[in-house]
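This report refers to the structure that appears directly beneath it.
Since we're looking at a predicted model, the values are computed, not measured. Proteins get letters first, then strands, A, B, ... in listed order; numbering begins at 1 in each. As a basis for the values below, the full set of heavy atoms in this structure was taken, side chains included, without hydrogen atoms, waters or symmetry mates.
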Protein chains: 2
Amino acid sequence: MEPQITPIACAPGAPTAQALKVACSNCNLRELCLPVTLAEDEMQRLDSLVEGRKVIRRGETLFRAGDTFHSIYAVRTGFFKTRVSAPDGRDQVTGFLMAGELLGFDGIGTDRHTCDAVALEDAQVCTIPFAQLENLSREFTPLQRQFHKIMSREIVRDHGVMLLLGSMRAEERLAAFLLNLTRRLHSRGFSASELVLRMTREEIGSYLGLKLETVSRAFSKLQDDGVLEVKQRQVRVLDEAALRALIDSGR
Amino acid sequence: MEPQITPIACAPGAPTAQALKVACSNCNLRELCLPVTLAEDEMQRLDSLVEGRKVIRRGETLFRAGDTFHSIYAVRTGFFKTRVSAPDGRDQVTGFLMAGELLGFDGIGTDRHTCDAVALEDAQVCTIPFAQLENLSREFTPLQRQFHKIMSREIVRDHGVMLLLGSMRAEERLAAFLLNLTRRLHSRGFSASELVLRMTREEIGSYLGLKLETVSRAFSKLQDDGVLEVKQRQVRVLDEAALRALIDSGR
DNA sequence: CGTTTGCTTGACAGCATTCAACGTTGGTGG
DNA sequence: CCACCAACGTTGAATGCTGTCAAGCAAACG
């Protein structure tokens, strides 16, 4: 029940000035994004498919519920949240996405997006036109396999969140959330014990099914217990084992 | 935020005696399961792909977390639940599946299933070997499209459940659950206002992130309010508008 | 017909929410 | 450069919803 990375496309190893076009073949996120070994010509096909980077400023949306679906997006830099909204206005953050992760799968089913994707900091994404991705994946089996795996992991990830929302108490939810974040950051070369949150307490709360005050209290509690050191959005994990103990010896 | 039907394969229009092999081309669930218009030869290919029915008795599992993944399954008759388990033993029902719906997508990502699928009543399923489904979908674009749509809808459905678990109160959750069930039953030709639950209060509770006593109380409350008539697992919806009002004018 | 399993209801406890006040941070403009 | 403002975060007190524990009842099964 621990969410996975959901990768596919592209960010340049050493970006040439003003390079609007980005080559997957030369992308330092390749391992995360689309971990498939490709022959050279196949990789070129993939490159030609992916459109150049697109910039989204902090607070702006990459897409919104109701927008017609055209493309999957790969995060190159920055940080996103996705959220769904009920007719009465209440909404739920359904995920946080960092470099190398993909978003937009929600739109395939109905040809319209069903959630909003909001940048939590200035961000760049690669645009992958879905029709072309489908075309290429028909010709190229490993790409097809990988694509299916990524969607499946998204489903598994969501099941993990459902478990969290359905059966954990506030502190346990926060522990699971932090462990998930640090694991993903660590696999990107960042510290496994120190992190800077890119989202507010309210957004964390929405994701975890808690009110912002409860999130704040849970942070304070874990700090008092010597498990974390928290200074606003700066978090240091002092006792990872204690975090783990919280979630898998729950009740 | 209302879950959708997730269809693909097969059940016979008029089952010939002892027919182990089932033809999708002659299946009365075709509309639900794999709503794709196919040429005759293409349909034959699909038929040859789907293995005959498999019987699962009430309480038995179709697959379990950890089992190696081979196939997607289409429910022909009966009723399933899927559930994920945390290392400490607590588990969460992640879905209820009825005739015409598909299960097993969780296994694609890691080549192992990540949840259990349990029959809540004697059931029959069609087995669709995944490797062959991938092969056929490479050749046959509409099948590919449909398959992707189905997985996407599964993701969207899960987002709806996350919204429910994250922001609704007990009665609202139950209302959303009942509306979802009646809609799916209605699209199968059953009454939209009368239903027989195939799961226990505890299973409903697990799905909705509530204890069984809370589920029971919510049923009683809705009955007292004249919205439902409840006799154990027999439920009649007296005021569907009231149910809807509960969920989309929540707080 | 008895036993088991599932459902209902009550009383009480506990955890998260609500409401409110205060503190902190970062950005903006005087 | 500093003051101010707005957004964000922390903390306390009280309320309330859901969970827990327990008892009794109904239905299903052998």
Side-chain angles (χ1 to χ4, degrees), chain A residues 57-59 79 81 90 92-93 118 120-122 164-178 195-225 228-235 246 250-251, chain B residues 57-59 79 81 90-93 118 120-122 164-178 195-225 228-236 246 250-251:
Chain A
R57 298 250 158 259
R58 174 196 169 108
F79 207 88
K81 70 173 175 184
R90 64 183 146 198
Q92 171 79 20
V93 171
V118 184
L120 297 183
E121 54 184 27
D122 292 356
L164 178 149
L165 291 171
S167 70
M168 291 187 179
R169 288 170 322 106
E171 260 180 73
E172 298 167 348
R173 296 185 197 193
L174 186 58
F177 171 70
L178 290 173
L195 68 158
V196 178
L197 301 173
R198 303 297 157 86
M199 69 294 282
T200 66
R201 299 291 191 260
E202 184 168 21
E203 287 162 336
I204 297 172
S206 175
Y207 182 63
L208 298 178
L210 301 169
K211 293 297 166 186
L212 67 94
E213 295 95 331
T214 307
V215 174
S216 182
R217 275 185 250 272
F219 269 120
S220 299
K221 177 67 162 45
L222 289 175
Q223 181 165 238
D224 292 349
D225 292 352
L228 299 179
E229 196 175 297
V230 185
K231 271 197 290 250
Q232 304 286 128
R233 298 196 181 183
Q234 291 269 3
V235 177
L246 260 180
R251 49 194 52 221
Chain B
R57 298 251 159 257
R58 174 196 170 110
F79 206 88
K81 69 173 175 183
R90 62 183 147 197
D91 57 5
Q92 170 80 20
V93 171
V118 184
L120 296 184
E121 54 183 27
D122 292 356
L164 178 150
L165 290 171
S167 70
M168 290 187 179
R169 290 172 319 105
E171 261 180 71
E172 298 166 349
R173 296 185 197 194
L174 185 59
F177 171 70
L178 290 172
L195 67 158
V196 178
L197 302 173
R198 303 297 158 85
M199 69 294 283
T200 67
R201 299 291 191 260
E202 184 168 21
E203 287 162 336
I204 296 172
S206 174
Y207 183 64
L208 298 178
L210 302 169
K211 293 296 166 186
L212 68 94
E213 295 94 331
T214 306
V215 174
S216 181
R217 275 186 248 272
F219 269 121
S220 299
K221 177 66 160 47
L222 289 174
Q223 182 164 238
D224 292 349
D225 293 353
L228 299 179
E229 197 176 297
V230 185
K231 272 197 289 243
Q232 304 285 126
R233 298 196 181 183
Q234 291 269 3
V235 177
R236 178 195 291 260
L246 259 181
R251 46 195 55 222

Practice prompt. Let me see the working for B/Arg90 and A/Glu172 under salt bridge (Lys or Arg N to Asp or Glu O under 4.0 Å), right down to the final yes or no.
Written response: CA-CA 13 Å; B/Arg90 62 183 147 197; A/Glu172 298 167 348; 3.1 Å; yes
Worksheet item: Given that A/Met199 and B/Thr214 both sit by DNA chain D, which one's nearest nucleotide is further toward the 5' end?
Response: A/Met199
Worksheet item: In whole angstroms, how far is the C1' atom of D/dT10 from the CG atom of A/Asp224?
Response: 12 Å
Worksheet item: What integer distance in Å separates B/Lys221:NZ from C/dT9:P?
Response: 13 Å
Worksheet item: Contact class for B/Leu210 vs. all strands (heavy atom < 4.0 Å): base, sugar-phosphate, or nothing?
Response: sugar-phosphate
Worksheet item: Tell me: NZ of B/Lys211 to C1' of C/dA16, nearest whole Å?
Response: 16 Å
Discussion item. Should the side chain of B/Glu213 and the base of D/dC21 be counted as holding a donor-acceptor pair, with the cut-off at 3.5 Å?
Written reply: yes
Item to complete: Mind calculating the distance between CE (B/Met168) and P (C/dT17) to the nearest angstrom?
Response: 16 Å
Worksheet item: How is A/Gly209 classified with respect to the nucleic acid when contacts are heavy atoms under 4.0 Å: base, sugar-phosphate, or nothing?
Response: sugar-phosphate
Discussion item. I need the CZ-C1' distance between B/Arg198 and C/dC7, as an integer number of Å.
Written reply: 18 Å
Fill in: Distance-only donor-acceptor test, B/Arg201 side-chain atoms vs C/dT9 base atoms, 3.5 Å
no
Item to complete: Would you sort out whether A/Glu202 and A/Leu210 count as a side-chain contact (heavy atoms from CB on, under 4.5 Å), showing the intermediate values?
Response: CA-CA 8 Å; A/Glu202 184 168 21; A/Leu210 301 169; over 6 Å; no
Worksheet item: Which sits closer to the 5' end of DNA chain C, B/Arg217 or B/Glu202, going by the nucleotide each is nearest to?
Response: B/Glu202
Discussion item. Using whole Å, what does the distance between atom C1' of nucleotide D/dG19 and atom CG of B/Leu212 come to?
Written reply: 10 Å
Worksheet item: For A/Thr200 and D/dA7, is the shortest distance between a side-chain N/O and OP1 or OP2 below 4.0 Å?
Response: no
Worksheet item: Between A/Leu165 (CG) and D/dT18 (C1'), how many Å, whole number?
Response: 16 Å
Item to complete: Examine C/dT8: is either OP1 or OP2 under 4.0 Å from a nitrogen or oxygen in the side chain of B/Ser216? Give yes or no.
Response: yes
Fill in: Lys/Arg N to Asp/Glu carboxylate O, A/Asp122 vs A/Arg58, below 4.0 Å
no
Discussion item. Please check: side-chain N/O of B/Ser220 versus main-chain N/O of B/Ser216, any donor-acceptor pairing under 3.5 Å?
Written reply: yes
Discussion item. If the threshold is 4.0 Å, N to carboxylate O, is there a salt bridge linking B/Glu171 and B/Arg217?
Written reply: no
Item to complete: Can you tell me the distance, in whole Å, between the CD atom of A/Glu203 and the P atom of D/dG9?
Response: 8 Å
Discussion item. What I want to check is whether an N or O donor and acceptor connect the side chain of A/Arg169 with the base of C/dG14 at under 3.5 Å.
Written reply: no
